[in-house]
Amino acid sequence: MNKKNWLLLTVLAAIMLVLAACGGGDKSGEKSNQKEKVDTSKFPLQTTNKDESIKGGTLKVALQSDAPFKGLFLYEVYEDAYDAEILSYTSNSIFTTKEDFLIDNDGLAKLDVDTDAKKATITIKKDVKWSDDQPFTIDDVIYPYYIIGDKDYTGVRYDTDFQNIVGAKEYHDGKAKDISGIKKIDDYTAEISFKKISPAIYSGGDGLWGYAAPKHQLEKIAVKDLQKSDAVRKNPVTLGAFVINKIVKGESVELVANKNYYKGQPKLDKVVIEVVPSASMAAALKAGKYDVSVPNYPANDYASIKDFKNIEILGRPELAYSYLGFKLGKWDSKKSEVVVDENAKMNDKQLRQAIAYAMNIEEVADVYYDGLRTRGNSLIPPVFSSFYDDSLKGYKYDKKKAEELLDAAGYKDTNNDGYREDKDGKPLTIKLAGMAGSDKDDKIVQFYIQNWKDVGLKVELSTGRLIEFNSFYEKVKADDKDIDMYMAAWGTGTNPSPIGLYSKAAQFNYNRYTSPELEKLLLDIDSPEALDSKYRAEAFGKWQEFMSDNAATVPMYFRTEIIPVNKRVKNWTIDYLAKDGIEKVELTADEPVKGE
């Protein structure tokens, strides 16, 4: 199945942490368990099954999670990777992409951009129907803008990018009845005016929205009530290959083929998606209970499945990175902007840099990830080769450098208890939040805590333990007072522009850091001048250098994602350039193949 959640800045889940249960300096016992690194370039992008297909059948999907899914089945309001995974089967995406993740004209809509006029024209296919037989019109493309722009919108996508649409802010602030920059030309065409046009628009940026929403189903529901409505929670109308048929809240979803799918009715009859705890996943795959594990399989558990004879493991560079974030302020919901707290415990660049240098990420990657994770040096994944700065040194493990930075900044162990006090000589305890997962995640985070202890920093888990996925993000988004720093991951989508993650108006800016210099660098990346590819590459470089030095967000890992697929599955692809998706997937047996 082709995953092209190309536009949204999805918060990725299950990975976030890592490490080993030995002291930071004691590597004996760990190296003996080290296995040869896997050659990630040899992972296939598509299943090789060539057996004769059965007619129809039910695909059994394991949604690996240690928490219930939220069940927000509308692109304008969903927030995490688990709901995104379910949504991918019912996708209302109107654009598809080609090389370099640029929008092409092979989807439900084509995009024409007039850079001089600062306008974009969207033209949709004719004679397309929603899953409930209602016609798909340009009103369904326009309506999502009114959802996101509404003053009562409760999602996270009203940001700097969205405010680039002419009239969006005035509509949101109640100063206008309509978004003046959005005009319906006819039933199949709309024109959108922007304050500025940059190269980001060709990747779904600048405020362009890449999904339709069924206006006929949603327009009578107040925007503030969308997240709790049946239209979002139970019976969403869709344009995608499948339609939600049954839901067991937080546990499972049954989907049936959409007879109205514009590419033709899918080969499968049904898809059943069930939540499976991480501790049970390997055994479930071997027993043939499921056909595929999604969103992707934990890299630190690759060794558990790599020799299974009943699965084929697909792999590709992930449009994501894991990171360590520092809490430096709060989110002002009234102003919809980040406010930096100058007195925040972590508002000391040298302290943040020391914490980064003290982390022996290289050892973790070697011992636990079989080459599927490498130390990250930038907040741009290498897959974006035109913009990724491979010259950045990053924060390679350097205990001595960490100690020197702490000494210079005035963090000293004044009472000889093994831990440094703060600059005023008061006890310093740093609260770390991380997501619960496998026992390896516990070991990994304890290893990092030992790393920090080795340089005299006292770090404790904010709740005394790792936190369940949904609760973790609730606490991080709420700027919980017991979180000083946190380990998480970002899915960039196919638009590398960082403005939706790190700008002053981005709710996804979870570390709550902003500055005039940062805002200027972000705007420069998506400026009209950046239509010149060389200029934009240089702007990306300056931003990466700034973020690396500032260390408000420190990259931890670049990632290769792996997806185990049962050998009865045919035509499943994870190729970013694939044009066919879940509608072409077939089965060659009535039940998943069992392992030996």
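For the single chain, residues carry numbers from 1 onward in sequence order. Side chains included, hydrogens not; waters and symmetry mates left out as well; all remaining heavy atoms used. This is a predicted model, so every value here is computed, not measured.
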Looking at [X] versus [Y], is the centre-to-centre ring distance below 6.0 Å?
{"X": "Y82", "Y": "F69", "answer": "no"}
{"X": "Y321", "Y": "F558", "answer": "no"}
{"X": "W490", "Y": "F508", "answer": "yes"}
{"X": "W543", "Y": "Y502", "answer": "yes"}

### Task
Give me the one residue out of K520, R536, K195 that meets salt bridge (Lys or Arg N to Asp or Glu O under 4.0 Å) with D526.
R536
### Query
R352 and side chain to side chain contact (heavy atoms under 4.5 Å, CB included): which partner among L324, L405, N347?
N347
### Query
Are D348 and K423 within salt-bridge range, i.e. N to O under 4.0 Å?
yes
#### Entry: K399/E403 ion pair, N-O < 4.0 Å
yes
### Message
A side-chain contact here means heavy atoms from C-beta on lying under 4.5 Å apart; do Q64 and P298 qualify?
### Response
yes
Could you pull out all donor-acceptor pairs under 3.5 Å where a side-chain atom in residues 424-431 meets a protein atom, sequence neighbours excluded?
| from | atom 1 | to | atom 2 | distance (Å) |
| --- | --- | --- | --- | --- |
| K431 | NZ | E460 | OE1 | 3.1 |

### Query
Where does the angle between the aromatic ring planes of Y510 and Y486 fall among parallel (under 30°), tilted (30 to 60°) and perpendicular (over 60°)?
perpendicular
### Query
Under 6.0 Å from the six-membered ring centre of F326 and within 45° of its axis: does the NZ or CZ of R512 meet both?
no
### Stacked cation flag R316 on Y576, 6.0 angstrom / 45 deg
yes
### Task
For W209 and E76, test the side chains for any donor-to-acceptor distance below 3.5 angstrom and give the result as yes or no.
yes
### Query
ring-ring contact (aromatic ring centres under 6.0 Å, His included) with Y302: which residues, sequence neighbours excluded?
none
